S.K.: 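This is the structure I have questions about; it appears just below.
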Amino acid sequence: MNFNDTVYAIVRQIPAGKVASYGQVAALAGSRRASRAVGYALHRNPYQYKVPCHRVVFKDGSLTAGFGLGGKALQRQLLEAEGVEFTDDGRVDMGRYRWQTAEIGIFIT
DNA sequence: GATCTGACATTAA
DNA sequence: ATTAATGCCAGAT
């Protein structure tokens, strides 16, 4: 499994109404510091219909600075539509909406 | 084929 | 607590 495909497989498992950080995805993909590769993988691969990129946010819960078209506004809109709560800082309430990988016991082969 | 860049995170100072 | 440097992977030049 390529790192890229692994990333997609993981992000695709993120349930609606939850958000995962790049580092988390990277860690699940094999390297916890490969968060950069994760973000770039999503950037160049418009698998939007398969990969809910909007559910992938910063570790702090802040939104991506260069999210396709619409940027943070669109991302926030999508997340709010899923029931994700936003703070006054425009960040996601990670304490409640952070994706618990243990929930599905993800195990990418 | 080598080098640089890019949706980040972590560690050290 | 904040700032700087390093690491990671894949694509583009």
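The chains referred to below are lettered A, B, ... by the order of the sequence lines, with proteins before strands, and numbering in each begins at 1. No experiment lies behind these values; they were computed from the predicted model shown.
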S.K.: Whole angstrom is fine here: how far is it from CG in A/Leu42 over to C1' in C/dG11?
M.R.: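 Those two atoms, CG and C1', are 14 Å apart.
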S.K.: Are any of the side-chain heavy atoms of A/Arg91 and A/Phe58 separated by less than 4.5 Å?
M.R.: no
S.K.: Rounding to an integer number of Å, can you tell me how far A/Leu79 CG sits from B/dA7 P?
M.R.: 19 Å
S.K.: Rounding to a whole Å, what distance do you find between A/Ile10:CD1 and C/dC9:P?
M.R.: 13 Å
S.K.: Side chain of A/Asn4 only, heavy atoms from C-beta on: which candidate in B/dA7, C/dC9, C/dA10 is closest?
M.R.: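 It is C/dA10.
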S.K.: Please report the distance, rounded to the nearest Å, between CZ in A/Phe67 and P in B/dA7.
M.R.: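 To the nearest whole Å, that distance equals 13 Å.
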S.K.: So, under a plain 3.5 Å distance rule, would you say the side chain of A/Ser35 forms a donor-acceptor pair with the base of B/dC8?
M.R.: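 Such a pair exists between side chain and base.
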S.K.: Among the candidates B/dA9, C/dA10, C/dC8, find the nucleotide nearest to the side-chain atoms of A/Ala34.
M.R.: C/dC8
S.K.: Decide whether A/Leu79 and A/Tyr97 are clustered together by the hydrophobic rule: side chain heavy atoms of Ile, Leu, Val, Met, Phe, Trp, Tyr closer than 4.5 Å, transitively.
M.R.: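 In one cluster with A/Leu79: A/Tyr97, yes.
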S.K.: Between protein and nucleotides 1-5 of chain B, what N or O pairs are separated by less than 3.5 Å?
M.R.:
none

S.K.: Whole-Å distance between C/dC8 P and A/Leu28 CG?
M.R.: 18 Å
S.K.: Between the protein and nucleotides 11-13 of chain B, which nitrogen or oxygen pairs come in under 3.5 angstrom?
M.R.:
from, atom 1, to, atom 2, distance (Å)
B/dT11, OP1, A/Arg32, NH2, 2.6

